[in-house]
Undergrad: 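Encoded as structure tokens, here's the structure I'll be asking about.
For ligands, and for the atoms within them, numbers begin at 1 and follow the listed sequence. Just so you know, residue 1 is the first one in the sequence shown, and it goes up from there. Basis for what follows: all heavy atoms, side chains included, without hydrogens, waters or symmetry-related copies.
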Amino acid sequence: MTIDSQSSNRTDEPAHPSKRNADLVAAFTEHFGTRPDFISVGPGRVNLIGEHTDYNDGFVLPVALKRDVRLAVRRREDNTVNLLSVEYGGAFTFDLNDFHSSHENLWANYVMGVAWALQERGIALTGMDAAISGNVPRASGLSSSAALEISSALAFLKNADALDALPGAQIAKTAQRAENAFVGVNSGIMDQFISMLGSEDHVLLIDCRSLDYQLIPFPAGASLVIGNTKASRSLASSAYNERRAQCEEGVRLLQSALPGITALRDVSVEDLESHRALLPDLIYRRCKHVVHENQRVLDTVAALEAGDLDEVGRLMSASHDSLRDDYEVSSPALDVMVEAMRETPGCLGARLTGAGFGGCTVALVRTGDEQGVANAVYEKYPKATNIWPEVYLSRAAGGARIEEV
Ligand code: GLA
């Protein structure tokens, strides 16, 4: 297809959930020869603002997406877990008393990790047959991993009659533990938390230290336009760990003047400037991003509550500039896409979302101008990068849930 034939009046929207459920039930029935009992759903997320703050005990402001991972599930009375991945076409079996991570079926490690982490918390699980299907783009910064972890956690908990055994924040913590300790990815708490506790038409302010949270109505008169750069994120995991280490180094150096601090969350903008001389320039710039980003999240909440959409957009754009210049996790592809969005009428602000180095951008756009912003991305981005992007429209969707079949 040529660029011209794709460039107007379309975005890349997913199939309707009822069609997806019907397809998933059909795949389950064909593979397992019986019908599932229920479907568990874990959504992906897009972060409005508060990037690289979660592992610094700070604040984040994500929304859940209507894109999600779904498991069609039938309970088993033994300890066997039989998994079928609809998209990968692979099947995988494990025993709840014997966990070995898989090198061939990496997706299965997320499900296994969650079972391992739930049992570690003392929850007795039972086996299941499950067919898995997702439409959160993978490796794109929209948290397909957290969506799989959370939908798996709900499936195991429902089968164990233990849906009320843990509060949502602790289910999120358990899924994060699975990702950190079983899968081996050192992520923060944001993605699992919003997948679990997102709420339709709301953004979620999360205090990543206390795990307190607050739902804030998604603003009337605006929506989100998400652009997928489709650019590789090959640097993401090594650079992510390096950024985390640089933040810890900043805390260590600042402690000589500020002995009470344990994370960058404890450092104010004024503190940082007063003690700037303690930090090498690179570490200062990393800390500057985090300290100001925490403040931007709180300022965004105030602006949302005041209905000041221009200010929300301005803060989102300031976040991107800081991620690009000081935290240095942007990429030419992300910058080109963000610029294409910002130049378009009706775009209030735009930034990269997620860890960076590729993946997705998010723009806050006045209602009615969404397609114009999408068209600007379809038109300008491929010319600059030779890569065909995807664009998704979104408000805020609901969090994890069990659906009847
Ligand atoms: C990834 C991690 C999150 C968070 C973001 C950056 O999505 O999984 O925990 O650190 O990067 O804000």
Undergrad: For S145 and E179, test the side chains for any donor-to-acceptor distance below 3.5 angstrom and give the result as yes or no.
TA: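 On atom types as modelled, these side chains do not qualify, holding no pair under 3.5 Å.
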Undergrad: So is there a nitrogen or oxygen of N47 less than 3.5 Å from a nitrogen or oxygen in ligand 1?
TA: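 No, since none of the N or O atoms of N47 sits under 3.5 Å from an N or O of ligand 1.
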Undergrad: With atoms numbered from 1 as shown, which atoms in ligand 1 lie under 4.0 angstrom from a non-hydrogen atom of Y55?
TA: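 Here the atoms of ligand 1 in question are 10 (O).
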Undergrad: Please indicate whether K380 has more than 12 foreign heavy atoms, meaning atoms of other residues, nucleotides or ligands, lying under 6.0 Å from its NZ.
TA: yes
Undergrad: Under 6.0 Å from the ring centre and within 45 degrees of the ring axis: does the NZ or CZ of R10 meet both conditions for the six-membered ring of Y392?
TA: no
Undergrad: Charged N to carboxylate O under 4.0 angstrom, E403 versus R70?
TA: yes
Undergrad: Show the atoms of ligand 1 that are less than 4.0 angstrom away from any heavy atom in S187.
TA: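 What qualifies from ligand 1 is 2 (C), 8 (O), 9 (O).
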Undergrad: I want to know if ligand 1 touches M190 in the polar sense, i.e. an N/O pair below 3.5 angstrom.
TA: no
Undergrad: Considering only protein heavy atoms, which is closest to atom 8 (O) of ligand 1, and at what distance to one decimal place?
TA: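 The answer is D191 OD2, 2.6 Å.
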Undergrad: Does a salt bridge link D326 with R286, judged by any charged N lying under 4.0 Å from a carboxylate O?
TA: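 Salt bridge flag = no for R286 with D326.
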Undergrad: Under 3.5 Å, is there a donor-acceptor pair between the T11 and E13 side chains?
TA: yes
Undergrad: Check this for me - ligand 1, T53, N or O atoms closer than 3.5 angstrom, yes or no?
TA: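 Between T53 and ligand 1, no N or O pair is found under 3.5 Å apart.
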Undergrad: Please could you name the atoms of ligand 1 that G188 approaches to less than 4.0 Å, counting only its heavy atoms?
TA: 9 (O)
Undergrad: Using a strict 4.0 Å threshold on nitrogen-to-oxygen distance, state whether K158 and D37 make a salt bridge.
TA: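 Looking at K158 and D37, the cut-off is not met.
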Undergrad: Under 4.0 Å from ligand 1, counting heavy atoms only, is it the side chain of R45, its backbone, both or neither?
TA: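 For R45, the contact with ligand 1 is made by the side chain alone.
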Undergrad: Given L142, V329, D54, which has its nearest heavy atom closest to atom 9 (O) of ligand 1?
TA: D54
Undergrad: Please check whether H52 reaches ligand 1 - meaning an N/O of the residue sits under 3.5 Å from an N/O of the ligand, judged on distance alone.
TA: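 Yes; the residue has a nitrogen or oxygen that sits under 3.5 Å from a nitrogen or oxygen of the ligand.
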